[in-house]
Amino acid sequence: IPVIAARREGGLSFLGITSKRLALGLIVGGVVGIIIGGITLLTGFLSGLSPSLPPLQDAAAYLLQTIFHLAAIEVFYRGWVAARFEESYGLFPAIIISGLLYSLSHLFTWGMDPTTPAASLPLSYFWTNRFFWHLGIGVFLAGLVRFTQNLASSFIIVLTTTVIGELIPGGPAHNMEDSGAVIVGTLALAGIVTIVVWLSGRGKRG
């Protein structure tokens, strides 16, 4: 299995962070992301939303926050978790378990979004509606990453869908609070993560 072999070779390739099949991951991710984002955008327009862009600073804060969040999600669920379970149980169980854990992770933030309609707040709504939606997304993205052997595919899909479907038609980026603090905080977190990874790499080489 390529993932297991890559892990034994060292580095971050067992997380899906590799240049192998990068072009395939980018192409597949871009095409699928544009299609899904376009459908989301069209649905928003049909429901009454009008196209508009947020202020530049709010858009920058939203994109930085989104990219950092997506990188963490992709590396953990579609990278580390999927690779670990693939090594122990095989490809298809790893894809299912990765999707399942990704879906369950939304319980930790359920009800915290102030823009969520009141009817969607009860946990019963999560189990009857959103759980299987997130499970399907998680399984699809995990399978796509294993197929392309690169996290770029799932990352680009989610990023493109988010930008097209949320940034343009009056999504969360239009309701940012203190975007300057969001930018500084996200850059600080990214810097800390980068330093930790760099020091870990030096420690292994030493």
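All values derive from a computational prediction rather than experimental measurement. Just so you know, residue 1 is the first one in the sequence shown, and it goes up from there.
- Rounded to the nearest 0.5 Å, atoms CD (Q65) and OG (S179) are 10.5 Å apart.
- Rounding to the nearest 0.5 angstrom, the gap separating the CD1 atom in I36 from the OG1 atom in T161 is 4.5 Å.
- Note that CD1 of I156 is 11.5 Å distant from CG of L144, once rounded to the nearest 0.5 Å.
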### Task
Report the C-alpha distance between I96 and Y89 in whole Å, list the side-chain angles of each, state the deciding distance to 0.1 Å, and finish with yes or no for side chain to side chain contact (heavy atoms under 4.5 Å, CB included).
CA-CA 11 Å; I96 298 299; Y89 303 107; over 6 Å; no

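- The heavy-atom pair separating A94 from A82 by the smallest distance is CB-O, 3.4 Å.
- Cluster annotation: L159 and I35 are assigned to distinct hydrophobic clusters (Ile/Leu/Val/Met/Phe/Trp/Tyr, side-chain heavy-atom contacts under 4.5 Å, transitive).
- More than 12 heavy atoms of other residues, nucleotides or ligands lie within 6.0 Å of CZ in F68, so this atom counts as buried by the packing criterion.
- L24 is not listed as a side-chain neighbour of N150, based on a closest heavy-atom distance of 4.5 Å or more.
- Hydrophobic clustering, with ILVMFWY side chains joined whenever heavy atoms are under 4.5 angstrom apart, groups V32 together with V163.
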### Task
Apply side chain to side chain contact (heavy atoms under 4.5 Å, CB included) to the pair F85 and I95, showing each step before the final yes or no.
CA-CA 8 Å; F85 280 99; I95 292 174; over 6 Å; no

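- Here I137 contributes atom CD1 and H106 contributes atom NE2; the two are 7.5 Å apart, rounded to the nearest 0.5 Å.
- Proximity of a side-chain donor or acceptor of S103 to a complementary backbone N or O of F131 within less than 3.5 Å is detected.
- For the pair R78 and Y102, the distance from NZ or CZ to the six-membered ring centre is under 6.0 Å and the angle to the ring normal is within 45 degrees.
- Here the CG atom belonging to L151 is positioned 12.0 Å from the CD1 atom belonging to I73, to the nearest 0.5 angstrom.
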### Message
side chain to side chain contact (heavy atoms under 4.5 Å, CB included), that's the test. Do V145 and Y77 meet it? Break it down for me.
### Response
CA-CA 11 Å; V145 167; Y77 290 106; over 6 Å; no

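- Note on V31: it does not cluster hydrophobically with I34, by side-chain heavy-atom contacts below 4.5 Å among ILVMFWY residues.
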#### Entry: F92 and V139: CA distance, side-chain angles, deciding distance, side chain to side chain contact (heavy atoms under 4.5 Å, CB included) verdict
CA-CA 10 Å; F92 292 106; V139 169; over 6 Å; no

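- Note: the hydrophobic cluster containing V28 also contains L26 (ILVMFWY, side chain heavy atoms under 4.5 Å, direct or indirect links).
- F76 places a side-chain heavy atom less than 4.5 Å from the side chain of V81.
- Residues E86 and R146 are in side-chain contact: their nearest non-hydrogen atoms beyond the backbone lie under 4.5 Å apart.
- Clustering ILVMFWY residues whenever any of their side-chain heavy atoms sit less than 4.5 angstrom apart, transitively, puts I157 in the very cluster that holds W133.
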